[in-house]
Amino acid sequence: MSESLLKQLRELSIDEKIGELKKPSHINSLEEWKQSGIRFTTRSGKLEQVYYAAVRKLLDCIVPTGGEEPILQEGGIYLGCWLESTGTINAELLSRFIPSVSDATFRSFAVHQREDGLLPYKVTEHGPAFRQIQLVTPLARSIWNHYKLNQAGKLFLQTMYTAMASYDEWLVQYRNTRGTGCVEAFSTFDTGHDLSPRFWHVPDTPHLNDAAEMNPDSPILPFLAPDLTANVYCQRLYLARIAEELELPSKQHWLAKAEESLTSLYRYCFDEEDHFFYDRDRNDELVRVQSDVLLRVMACEVGDQAFFDTMLRRYLLNTSKFFAKYPFTSMAMDDPRFDPFSSYNSWGGASNFLSLIRAPHAFEHHGRHVELTWVMYPILASFTKATRFAQAVSPWTGDEGFTEAYSPSILCLLDYVERLCGILPTPDGELWFTGLVPYNMDHGEEITGETGYSRIVDGVTYELLNMQAGSELYRNGEIFIRFPSGIRVITDREGQMKGIIGMSVREIQGVIIYNNQEIPFHVKGNEYLTFENGKFSVERAIGVVNPTYR
């Protein structure tokens, strides 16, 4: 059976799957995709067809915007590149697939930076726009990961560092009017939280459409915003890394500034009793709206293992809060203001794909790999019935919502396939080979059956087959590793095995065949076994956090 699946993978034609392309930017991007060696095939089901439809739509989102170089657009009705998403987390994911476009996308924000340090919140065909700030994913983290993954060069890193350091100064000058050290929200769009009850009775844009001004007649503004403050905290952590890489003397400066941000975040925005982060308004009242602000803060590396685990139990894996049938909702479901409808641009309840592509970093930062699969399974199942790539998905039915050809949902599909059953290179110099397959969550309809995935890394071709009897990994056409399903094999960039992770709640026991040796193991969920001197030993064992219901 493995021979036929391997043959199917190797004979798959990207050109036939994608169809005819006419625009030079599309053709060049597809050539770069093909150079990566990425192919995905399935024994049955609809996911393979949807996967290549996503690749085709992704190419449509790559066009010259605000300059001559093709960059990534948000897609759908959003004809531009937004800093909160396209210019950060979207480009960070795209960096694994078409890195030259990510590079150009990142640089476009530095190119269009205003003299006073303000970065544009978006870049469109009409040029840069500066009406609001619109921050979510820390730009410096995305820049660092792209640099490490693709060896982007110190000139790129220096250019972006200079821009981000100047932007930090702008935020300190104009978004700390209350002197708390928190970053303040002046409008709904500052966080991209359209229609969220978090911002009821707050204008959508800053006063006079000036990012440095707020409505002077507002009874509640400015908000001390936990997601904006966490963004700057994480931003400063990565600016410290970048400074060290560039051999600049400012590493300790950034670490000290990061600690100041973290202290302010907990002092002003964290409620001990609820164990939740809230905005604090001008009257010193907490804005008690439980929204995806939580996931945003967690994705900014705030809190330790125990802190994150508590958030999982109380909120993120709680089916009365955010863990809907198709997670994660943008509002807690037990809030009377919760609105599940996804047929319009709303952060008042629906599960948004931007949340879904931001989530992996929060989970994996704390070693919560098993719990993340419980998000990926239903979302991949929902993709198999989708006819377009929408901004949101219904938390109840999994049906697609507002708009189409939306690059965050496209990249969500590509990312989740690679994390669940593919080959994923990391900025830390590792390769992840995951022995799972998408699960038939809806009506028992088969999604993929067995899967095949290939990728070229540093000139070496890897091919991963995930079958009912287990997984097989090929290296330059030859069998390399055989392992039971339910685990992730981790190697370095040269393919030398470093360890394995248990990817299921069940304990996996068996044998890995590596270098013509049979190596026995047993691993529990989220347990990391390091491989040294021909045997496995436990390096990390944190158990599994189970779903909760109230």
Side-chain angles (χ1 to χ4, degrees), residues 2 148-149 301 304-306 308-309 312 317 360-377 416-437 439 451 453 455 457 460 462-475 478-546:
S2 64
K148 294 290 287 183
L149 183 64
E301 303 180 12
D304 58 13
Q305 180 75 65
F308 183 68
D309 289 354
L312 290 179
L317 297 182
H361 188 79
F363 279 69
E364 291 169 352
H365 182 70
H366 295 289
R368 291 293 168 199
H369 304 278
V370 173
E371 293 84 349
L372 182 60
T373 67
W374 304 339
V375 180
M376 294 191 287
Y377 284 133
Y416 279 19
V417 165
E418 195 155 272
R419 290 181 189 279
L420 193 74
C421 57
I423 302 168
L424 189 154
T426 76
D428 297 327
E430 294 181 340
L431 302 179
W432 292 359
F433 305 93
T434 307
L436 297 171
V437 295
Y439 198 81
T451 66
Y453 196 94
R455 179 186 264 280
V457 180
V460 177
Y462 293 93
E463 298 162 313
L464 175 64
L465 307 181
N466 286 326
M467 301 164 294
Q468 293 180 356
S471 298
E472 294 180 356
L473 176 62
Y474 291 78
R475 189 175 189 270
E478 302 294 329
I479 187 69
F480 183 47
I481 305 176
R482 286 190 175 95
F483 56 97
S485 62
I487 67 172
R488 172 177 289 157
V489 172
I490 298 174
T491 74
D492 60 19
R493 295 275 300 199
E494 288 71 44
Q496 299 302 305
M497 188 161 65
K498 296 179 64 176
I500 61 174
I501 294 177
M503 295 294 294
S504 171
V505 292
R506 61 186 172 92
E507 184 173 345
I508 311 295
Q509 185 167 350
V511 171
I512 291 179
I513 301 176
Y514 171 67
N515 282 342
N516 297 317
Q517 292 182 320
E518 294 188 358
I519 307 162
F521 74 94
H522 65 272
V523 63
K524 299 177 181 178
N526 291 320
E527 197 169 47
Y528 179 76
L529 306 185
T530 188
F531 182 70
E532 291 180 324
N533 300 320
K535 63 180 181 179
F536 291 107
S537 58
V538 177
E539 180 172 310
R540 184 182 67 241
I542 59 174
V544 173
V545 176
N546 294 311

Quiz item: With side chains defined as the heavy atoms from C-beta onward, is the minimum distance between Val460 and Arg475 less than 4.5 Å?
Solution: yes
CG of Leu473 to CZ of Arg482, rounded to nearest 0.5 Å, is 11.0 Å
- Go through the steps for Glu472 and Asn466 under the test side chain to side chain donor-acceptor pair (under 3.5 Å), then give the verdict. CA-CA 7 Å; Glu472 294 180 356; Asn466 286 326; over 6 Å; no
Exercise. Distance-only, no hydrogens or angles: does the Asn526 side chain make a donor-acceptor pair with backbone N or O of Gly543 under 3.5 Å?
Worked result: yes
TODO: Quick one: do Leu149 and Thr426 satisfy side chain to side chain contact (heavy atoms under 4.5 Å, CB included)? Show the steps, please.
DONE: CA-CA 6 Å; Leu149 183 64; Thr426 76; 5.9 Å; no
Arg506 meets the side chain to side chain contact (heavy atoms under 4.5 Å, CB included) criterion, sequence neighbours left out, with Ser485, Ser504, Ile508
When Thr491, Asp492, Leu529 are each screened for side-chain contact (heavy atoms from CB on, under 4.5 Å) with Lys498, the one that passes is Asp492
Before giving the answer on salt bridge (Lys or Arg N to Asp or Glu O under 4.0 Å), spell out for Arg368 and Glu371 the whole-Å C-alpha distance, their side-chain angles and the decisive distance to 0.1 Å.
-> CA-CA 6 Å; Arg368 291 293 168 199; Glu371 293 84 349; 3.0 Å; yes
Checking side chain to side chain contact (heavy atoms under 4.5 Å, CB included) for the pair Asn546/Leu317: CA distance, chi angles, key distance, verdict?
-> CA-CA 7 Å; Asn546 294 311; Leu317 297 182; over 6 Å; no
Exactly one of Leu424, Thr530, Ile501 clears side-chain contact (heavy atoms from CB on, under 4.5 Å) with Ile490, and that residue is Ile501
Taken in chain and number order and not counting sequence neighbours, the residues that satisfy side chain to side chain contact (heavy atoms under 4.5 Å, CB included) with Asn533 are none
Residues Ile500, Phe536; criterion side chain to side chain contact (heavy atoms under 4.5 Å, CB included); working and verdict: CA-CA 9 Å; Ile500 61 174; Phe536 291 107; 4.0 Å; yes
From the list Glu418, His369, Arg419, Arg488, side chain to side chain donor-acceptor pair (under 3.5 Å) with Thr434 holds only for Arg488
Decide yes or no for Lys148 and Asp428: does some side-chain heavy atom of the first lie under 4.5 Å from some side-chain heavy atom of the second?
no
From the list Tyr462, Tyr474, Tyr453, ring-ring contact (aromatic ring centres under 6.0 Å, His included) with Phe433 holds only for Tyr462
Subject >> Heavy-atom side-chain proximity of Arg455 to Glu463 below 4.5 angstrom >> reply: no
Worksheet item: Going by heavy atoms in the side chains, are Ile487 and Val523 under 4.5 Å from each other?
Response: yes
Side-chain contact, heavy-atom cut-off 4.5 Å: Ile512 with Phe521? yes
For residues 478-509, the ring-ring contact (aromatic ring centres under 6.0 Å, His included) pairs (sequence neighbours left out) are Phe480-Tyr514
